[in-house]
Amino acid sequence: MSDKAATAQESLEALLKEARSFPPSEEFRRQANVSDPMIYEAARQDLEGFWAEEAKRLDWFQTWSKVLEWNAPWAKWFVDGKLNATYNCVDRHAKSFRRNKAAIIWEGEPGDSRTLTFEALEREVNRFANVLKSLGAKKGDRVAIYMGMVPELAIAMLACAKIGAPHSVVFGGFSAESLRERINDAQAKILITCDGGWRRGGVVPLKANADEALTGTPTIEKVVVVERVGKAAQIAMKPGRDYWWHELVANASDQCDPEPMDAEDMLYILYTSGTTGKPKGVVHTTGGYLVGTSTTHRMIFDIKEDDVYWCTADIGWVTGHSYIVYGPLANGCTTVMYEGSPDYPDRGRFWSIVAKYRVNIFYTAPTAIRSFMRWGTEWPAKYDLSSLRVIGTVGEPINPEAWIWYHQNIGRERCPIVDTWWQTETGMILITPLPGLTATKPGSATQPFPGVEAEVLDGKDRSVGPGAGGYLVLSKPWPAMFRTIYGDPDRYVRQYWSQYDGKYFTGDGAKVDEDGYFWLLGRVDDVMNVAGHRISTYEVESALVDHPAVAEAAVIGKTHEVKGQGIAGFVTLKEGIRASAKLKDELKQHVVKKIGPIARPDDIFFTSELPKTRSAKIMRRLLRDIAEGRVLGDTTTLADPAVTSRLKRQYEEEGKGD
Ligand code: WTA
């Protein structure tokens, strides 16, 4: 087990003593979509039969000849099946009794709002699909999307899927350079962006960032710009390249036939941070992904026809892809999209949205819950939250205090909490309670979803047994699993499938207790989880070293009360450069410019040396001990143990490096 998992293990020993258990109420169980515990056994005995039954809920142009073809690590689900994701998410509902049902309820940060019924959504998607075609997009062409949380973002994704052009959504909080890197990796032909986005009353300069990115993106031919902030953003349109969304759709037909896609055709690419190297383009395909996301959405959130469902994630992350757009819409469910920040114009914004739309299902992140805790119970107390039925969390382990706070103040001790574990790569939730069945324990994501086989292993493919920490591994394929890393299949094999024969290595540490409940212990690799965002230490180090003053940098994630982890950078400067508070700010700003505001280091600490082993590897474990004020771990492998004690003293004297 790595150093990091060992540390996590210590702090989570306490967590495992958590004895409270919250079974579903009889009332909830009676009405739940899933209330028969046999579902687990049935899926175990007939994995393919279980998923085939679920797949029948979708509309297929051609049914599959085989449910699963598994040549580890290569999976094909619903072989020979033909379908279209958008047809399933939009068209079929627009032709049904759901015609006038709200598909998307959108709330803008300034207070404007828009509701799109399934029928209206179908028209908008068709118009934009025709626009994409007229700009030269064909089946298989990649389309990059760099937008804020506006309805056009979902429309753009669905339009891409309608014509079979894989989208690559880049989170609007990424910098121009990050956007450029992702566009180039995917070789995208078209970019869709906004003039700007609203965030805490200010403007995120999306088009300006896009322009900067586009100085080095030879494959981009056309750019479509949604007008969102108008005069608040000063933007330039480049003739022949840039077009306004509203002008293009005004003349586009609202009829567009769905492209029949093979179940294994690519639906999208989404970039995520890995331990080393550039971000990885995680590839998701059409059939299995849609089956996996819609099934988990319906069962885990106990979705009913009249429900209003709200996932607070940004669509720039996988949670938004699977559980704002594809999963809910495939189920014909009303999905809420909110543009802005939870504390704008005040700290009651989320609860005012819940009350305004009578939200039934609410899905958010532990980092947000910890902010709400700090802001005080008076904010949710002001609002009518009685519409809520199920509440969920995702993104990082939830500490029991936050869980209990959520249960009492948001769920009002009535709503089951679903703590859902999954990843960009897994596409769908894999470890989770089923709200009508599972007795939850605060801090545990409980059990693998039916048909999912998870194990906790030591470094040698041996099960560690109850209570012991180890690596979380998935031993059977699941339909929404990613199929490869875009353009780099070797990396897919190396990074995820070479640790254990035929099993998927998650990069997370975990424990299983005597009841078979899983407790997630955080990442065991050099990936940080900062406010639920995955950022690799390597990326931040590269950004720091890119600054002309920096000789060497080591970055670690250190425990942070609200964000889960904060970023601390230990930096050695080049000969003759003087450390100063101004330089610290400059370095933080440099990281923002290279990666984006989400990667801004909390602390920068200047040091003349970094602790290294005799083979010159930086000992991050010791830096974490220093940053978190712990007694130093084993220093015997260090080339010069004195470096660490000096550094520790200096760190304490200077006060956390700030
Ligand atoms: C972490 C987000 C504990 C985990 C969907 C994983 C969690 C990484 C949980 C994936 C949870 C996500 N409990 N840890 N319920 N959910 N994680 O790719 O470390 O942005 O590997 O996907 O988040 O982050 P990603």
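As the structure lists them, so they are numbered: ligands from 1, and atoms in each ligand from 1. Just so it is clear, the values below take in all heavy atoms, side chains as well, and ignore hydrogens, waters and symmetry mates. None of these values were measured; they are calculated from a predicted model.
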Practice task
Considering non-hydrogen atoms only, spot the tightest contact between Ile324 and Pro328 and give its length.
Solution key: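 In this case the closest contact between Ile324 and Pro328 is O-CG, 3.6 Å.
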
Practice task
Report yes if the side chains of Val390 and Phe28 come closer than 4.5 Å at any heavy-atom pair, otherwise no.
Solution key: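 Heavy-atom side-chain distance check passes, below 4.5 Å.
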
Handout entry: is_close_aromatic(Trp317, Phe171), centroid dist under 6.0 Å
Key =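 Ring-ring flag for Trp317/Phe171: true, centres closer than 6.0 Å.
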
Practice task
Taking atom CD of Glu413 as the centre, report whether more than 12 heavy atoms of other residues, nucleotides or ligands fall under 6.0 Å from it.
Solution key: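 Buried by this count: over 12 neighbours within 6.0 Å.
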
Handout entry: Check: Asp508 main-chain N/O paired with Thr506 side-chain donor or acceptor under 3.5 Å
Key =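 Yes.
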
Problem - For ligand 1, the residues whose heavy atoms come within less than 4.0 Å (ordered by chain, then number) - result: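 Residue list for ligand 1: Val318, Thr319, Val394, Gly395, Glu396, Pro397, Asp419, Thr420, Trp421, Trp422, Gln423, Thr424, Asp508, Leu520, Arg523, Asn529, Arg534.
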
Exercise for the section: Please collect all ring pair (Phe, Tyr, Trp, His ring centres under 6.0 Å) contacts where either partner lies in residues 419-451, sequence neighbours excluded, each pair once. Expected result: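 Every ring pair (Phe, Tyr, Trp, His ring centres under 6.0 Å) pair that includes a residue of residues 419-451, provided the two are not neighbours, is Tyr323-Trp422.
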
